[in-house]
Amino acid sequence: MTMDKSFDATTAEARIAAEWEAANAFAAGANASRKETFTVMIPPPNVTGSLHIGHAFNNTLQDILVRWHRMRGFDTLWQPGQDHAGIATQMVVERRMAERQEPNRREIGREAFVEKIWAWKQESGDTIINQLKRLGASCDWSRNAFTMSGAPGAPKGEEGNFHDAVIRVFVDLYDKGIIYRGKRLVNWDPHFETAISDLEVENREVPGHMWHFKYPLAGGETYEYVERDEDGNVTLRETRNYISIATTRPETMLGDGAVAVHPSDERYAAIVGKLCEIPVGPKKHRRLIPIITDEYPDPTFGSGAVKITGAHDFNDYAVAMRNGIPLYALMDSKGAMREDGLSYEDSAEIATRAAQGEDVGDVSNVNLVPEHLRGLDRYEARERVIAEITAEGLAVTYLHKEIDKETNAEHLERRALVDAKPIMQPFGDRSNVVIEPMLTDQWFVDTQKIVGPALEAVRDGRTQILPEQHKKVYFNWLENIEPWTISRQLWWGHQIPVWYGLDLSLEGQVDDDHDGALDEVEIFALLEEGLVHRDEIHHAAPHFAEVVEQFRDSIAGLPQPLEIARVIEVADRASAIDAFAQGLADYNLSQDPTKLVYPVWRDPDVLDTWFSSGLWPIGTLGWPETTPEMQKYFPTDVLVTGFDIIFFWVARMMMMQMEVVKNVPFHTVYVHGLVRDEKGAKMSKSKGNVIDPLLLIDEFGADALRMTLTSMAAMGRDPKLGPRHVEGFRNFVTKIWNATRFAEMNGVRGGGARPEPNHTVNRWIIGEVARIRLATDEALDSYRFNDAATGLYAFVWGKVCDWYVEFAKPLFDGEHAEETRATMGWVLDQCYLMLHPVMPFVTEELWALTGDRSKMLVHGDWPTYGDELIDAEADRQMNWVIALIESIRSARAQIGVPAGAKLDLIVTEADASARAALAANAPLIERLARVNAPQDGAMAKGMIAVAAQGASFALPIGDVIDAAAESARLDKAKGKALKDADGLRKRLGNPKFVENAEAEVIEETREKLAALDEDISRLDAALAQLAAM
RNA sequence: GGGUGAUUAGCUCAGUGGUAGAGCGCUUCGUUCACAUCGAAGAUGUCAGCGGUUCAAAUCCGUUAUCACCCA
């Protein structure tokens, strides 16, 4: 058999992947030889996704851990799967529909749209799986999971019970009061028309403007406005009839509820509690709002006064809540100015009463957008508001001077004061549109109630976060956690299992005469009084049938005959009102109680994707069923993930698993960095610096890419990746391939037991193998992937290829040939074994090529030997030999001896141990240093000197020795040795060092110094001889 | 504004108390039969600055500067 000159990754990888698959090599428990389990949950990629470099990195690290444990005989499960990624997937499918000019989702309706997404999921869902397989990911693909499996409408092939787990947890948390519904200010994405969580908002600095406007005091009142410098000197004093406000969002002025100043701000003390006028809107119905104090305004920033628009700004919301300021919503779900609700005139009237302290109740119907601005986009409305205020002279102005170039005339003009400055603006991370804080009804997880155990588990070490620095981030976020908005106004996702019904039980209004039954008059009153304004009650249950029972209980207390109404499901609230009214009317005519219905409707919203992926560890193992997998593999062992989803995912998994199954989801979280481009920049499509891992695999092979990423995986650092790095590791693949090829050409076969050779070289390399095995396990044990990879790289290239293979060459003809073949076969086997977790393909291929194996390498047995294989004498001798060869090579090169020339090697001096090393390894030295067999002799003219531990050598290089060059070479070496020795001597001369330093360190220092002194004396001798000639 | 991290060879980065390393690049040499996707030899450093702790600091502490990221 002859091997090719290099590894053909493209064809071999596909073939090997198929072999692994055919052998079921990655199945849970494959190759298990012990009881301990090792479980890793893949961070589920988006189902729309394709493999990017971050996935390649993340999954390489997981695969290393998994393959390593599998080879060590652990009962190993790497659980794969995909995330339905609600907003992202819905976006992708909608975009595709638009591109194909198909009807949009509202036109085709929810059911058809969801069906389309499922179809698309099935079409594209395998893409990422196949890409992960190309990377070599050894997941148990037969267990592939999906966060929407088993949801209503799921097509064939998507039966799983993840949906059951999600719904069950929702209902459970609902019943415990941990999930609640509330009207709160949430981040609203006007593009997708859905609420999103804080984490899905990206704050970016963008160029913006700050406008300054005057809010005139009510009734033309005035006050003395005084500004002082730091020392209290008056810098400005004027009489003002207004308070100046700065804003970056003038359109929200329409919804202002107050102007706030800091309680310590003396400039405004006189007017606190008075009313001022919002300088926009129809003159006739100008709104007045109070001037209040609050800790929020910063007196040193701008005018020190801020407008409070509670319904459109999170800070203002907090101020409004503290001070009882009404929240006036101005915009609709698309971010346009509202068109619904009361007229501006009526609205302004109510708002004015509210400003004067009157309790006006629910203001959701109040629409303070003047009629001429209704329906406008928020940015258009902004321009109009600015223009109107400026036209009225209520913008703060400055005097602008312009000189006419032709006439030299000065033009003075008052201009509106507008600061152009960068402002922080919130953007939707998916839609890239500016997020609008909106007051809406949403579902929330009261995270405060479940955060405790998640914090505790990390504090007491039940779950370890590596590197440790990320613990702080985790604590910091969880300790200040906000309620989690989990409802999304989307169609793709787990529909919230909550049904609503009208609350008919309010304050005895229904049954006016309290006789426990409705008479005709009361029925009509109920209908006329306006069901529309009634509140709602809601219940949660996994299925409609169960929720019916709960509604029956709810209406049981209602007056006759409502208490026996049939609970039916309708589409929405409006249908419910219609159906209820119809039922009542029918009953009134017929007195037939079966006509009475109590219609309920289901919440149309779906759950945040992260709510379901938060259950990934248990959901994929079959929970809520009590499955054998759940019992065996939970809690899982290691979660490997990027720092960017610690909050999104890790923290939530911790909270949810602790709450639901009262156990940590994993023992260790290994947090890796973000792969950056060669210059350290974040990869992004817009920058065009994205590296496609599949292209790198095509060009260099998966092993090379994996090895590159692994060698860069220093904990807590971001790997910086460029193609040339991968090229270097591709060369490494070729290197080990060719070492094997050399071995094969010399009759070496793998698969044998560890030999017990006699030759020093063979004994030495076995000890080196033992060392790297210990180092590799230690590195992997502590998640120092880069140390494992670079250690193996240096061992295979620097020890095995550079030295051992070279040493072995002369041994193949002679008495040690057999043991050398056996040793080399074994050494290479160990290389394949230890490299396999990082470079699975080429090692599997070499494993198959080099011997008759009982198992594939993927199920190879990870070595366990250690120090006992190190032969100290062989170690000493080979290090001596290597040092000598390097010295001779160095001397030859510096003096300029032609590389091909073979020189005599004269031993001028040697102690017993040097002689022993020389005798045992002379042929190796002759070959690698290109010298003739050593012979005793004396230094003479035309020779250069080479020193080794315990020995001196001379190399005759012919007549034309350049004495000056030789003496320069020796001087240089001596200089360095002197300098080093000097440092060491100083250190040893310091009594404090001898007193305090560890004995080992002192001993080491002494030995070093002794060796240096020996070198120096040899160099001196050589120099003296040179001078004498 | 708050937090975290970084600053080491021309470049990209390892290195957590004992006098600095790798890969790439560079220079010189080499077609010895595993590999030119190779081999041999070599050059290159105030370990960001300043203080401190220590017998000993790239490493620990403080501080300054610059950069990056996260959160407001």
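Chain A is the first sequence line, chain B the second, and so forth, proteins listed ahead of strands; every chain is numbered from 1.
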Interface polar pairs with nucleotides 17-22 of chain B, N/O, under 3.5 angstrom:
residue : atom : partner : partner atom : Å
B/U19   : O4   : A/G983  : O            : 2.8
B/U19   : O4   : A/L984  : N            : 3.3

- Inspect the contact between A/E768 and A/R771 and indicate whether a charged nitrogen and a carboxylate oxygen are less than 4.0 angstrom apart. yes
- Message: Work out how far the C1' atom of B/U8 is from that of B/G15, and round it to whole angstrom.
- Response: 9 Å
- Message: Once side chain to side chain contact (heavy atoms under 4.5 Å, CB included) is applied, do any residues pair with A/E295, and if so which ones, sequence neighbours excluded?
- Response: A/H262, A/P263
Protein-nucleotides 2-5 of chain B N/O pairs under 3.5 Å:
none

- How close or far is atom C1' of B/U16 from atom CZ of A/R784, stated in whole angstroms? 12 Å
- Message: Can a side-chain donor-acceptor contact be found between A/T734 and A/N731 if the only test is distance below 3.5 angstrom?
- Response: no
- Item | Dot-bracket encoding of pairs in RNA chain B, which uses [ ] for pseudoknotted crossings and | for another strand, Watson-Crick or G-U under 3.5 angstrom | (((((((..((((....[..)))).(((((.......))))).....(((((..]....)))))))))))).
- Return yes if a side-chain donor-acceptor contact under 3.5 Å exists between A/N738 and A/R741, otherwise no. yes
- Task: Could you measure between the two C1' atoms, the one in B/C60 and the one in B/A72, and give it in whole Å?
- Result: 32 Å
- Note on the structure: Assert: residue with more 5' nearest nucleotide on RNA chain B, out of A/N315 and A/D718, is A/D718
- Message: Which residues pass the side chain to side chain contact (heavy atoms under 4.5 Å, CB included) test with A/A318, not counting sequence neighbours?
- Response: A/R322
- Message: To the closest 0.5 Å, what do you measure between CG (A/L1012) and NZ (A/K976)?
- Response: 8.5 Å
- For the side chain of A/M745, counting heavy atoms from C-beta on, which of B/C55, B/A34, B/C35 is nearest? B/A34
- Could you state the atom-to-atom distance from CD1 of A/I435 to C1' of B/A72 in whole Å? 17 Å
- Task: Report yes if the distance between the aromatic ring centroids of A/F732 and A/Y793 is under 6.0 Å, otherwise no.
- Result: yes
Considering only distance and modelled atom types, tabulate donor-acceptor pairs under 3.5 Å from the side chains of residues 476-483 of chain A, sequence neighbours left out.
residue : atom : partner : partner atom : Å
A/E479  : OE2  : A/R459  : NH2          : 2.9
A/N480  : ND2  : A/N476  : O            : 2.8

- Residue of the set A/D781, A/D787, A/N786 for which side chain to side chain donor-acceptor pair (under 3.5 Å) holds with A/R784: A/D787
- Message: Could you check whether A/F647 and A/Y474 have their ring centres less than 6.0 Å apart?
- Response: no
- Message: Please report the distance, rounded to the nearest Å, between CD in A/E468 and P in B/U16.
- Response: 15 Å
- Note on the structure: With sugar-phosphate taken as primed atoms, P, OP1 and OP2 and all else as base, the protein-contact string of nucleotides 37-48 of chain B at under 4.0 Å (heavy atoms; B, S, -) is BSSSSSS-----
Could you pull out the protein-nucleic contacts involving nucleotides 25-28 of chain B (nitrogen or oxygen on both sides, under 3.5 Å)?
none

- Message: Which heavy atom of A/L828 sits nearest to which heavy atom of A/A739, and what is that distance?
- Response: CD1-O, 4.4 Å
- Any idea which of B/C55, B/C35, B/C70 is nearest the A/F647 side chain? B/C70
- Query: Between B/A65 and B/C50, how far is it from one P atom to the other, in whole Å?
  - Reply: 15 Å
Tell me which donor-acceptor pairs under 3.5 Å the side chains of residues 884-892 of chain A have, and how far apart each pair is, sequence neighbours excluded?
residue : atom : partner : partner atom : Å
A/S887  : OG   : A/A883  : O            : 3.0
A/R889  : NE   : A/L928  : O            : 3.2
A/R889  : NH2  : A/L928  : O            : 3.4
A/S890  : OG   : A/Q894  : NE2          : 2.9
A/R892  : NH1  : A/A901  : O            : 3.2
A/R892  : NH1  : A/A929  : O            : 3.2
A/R892  : NH1  : A/R930  : O            : 2.8
A/R892  : NH2  : A/P898  : O            : 3.1
A/R892  : NH2  : A/A899  : O            : 3.3
A/R892  : NH2  : A/A901  : O            : 2.7

- Message: In this structure, how many angstroms lie between the P atom of B/U32 and the CG atom of A/N746, rounded?
- Response: 17 Å
- Note on the structure: Residue set satisfying side chain to side chain contact (heavy atoms under 4.5 Å, CB included) with A/V838, at least two apart, ordered chain then number -> A/I64, A/M707, A/T710
- Nearest whole angstrom, please: distance from the P of B/U12 to the CZ of A/F729. 17 Å
- Query: Measuring from A/T740:OG1 to A/K735:NZ, what's the distance to the nearest 0.5 Å?
  - Reply: 11.5 Å
- Partners meeting ring pair (Phe, Tyr, Trp, His ring centres under 6.0 Å) with A/F643 (sequence neighbours left out): none
- Between B/C71 atom C1' and A/F475 atom CZ, what is the distance in whole Å? 18 Å
- Base, sugar-phosphate, or nothing for A/R930, non-hydrogen atoms under 4.0 angstrom? base
- Message: Between B/A9 and B/G52, how many Å separate the two C1' atoms, rounded to a whole number?
- Response: 29 Å
- Task: Identify whether the distance between the nearest side-chain nitrogen and carboxylate oxygen of A/D980 and A/K1008 falls below 4.0 Å.
- Result: no
- With rounding to whole Å, what would you report as the distance between B/A20 and B/A57 at their P atoms? 12 Å
- Task: Can you tell me, in whole Å, how much space there is between the C1' of B/U44 and that of B/U37?
- Result: 26 Å
- Query: Can you tell me how far C1' in B/U31 sits from the matching atom in B/C24, rounded to whole Å?
  - Reply: 25 Å
- Between B/C38 and B/A48, how far is it from one P atom to the other, in whole Å? 33 Å
- Task: Please state how far atom CD in A/E806 lies from atom C1' in B/C35, giving the value in whole angstrom units.
- Result: 10 Å
- Message: Under the rule for side chain to side chain contact (heavy atoms under 4.5 Å, CB included), what residues qualify as partners of A/T820, not counting sequence neighbours?
- Response: A/N762, A/Y804, A/A808, A/L811, A/F812, A/H816
- Message: For the aromatic rings, using the six-membered ring if either is Trp, is the centroid distance between A/F785 and A/Y670 under 6.0 Å?
- Response: yes
- Query: Between B/A72 atom P and A/R204 atom CZ, what is the distance in whole Å?
  - Reply: 15 Å
- Message: B/C33, OP1 or OP2 - any side-chain N/O from A/K809 closer than 4.0 Å?
- Response: no
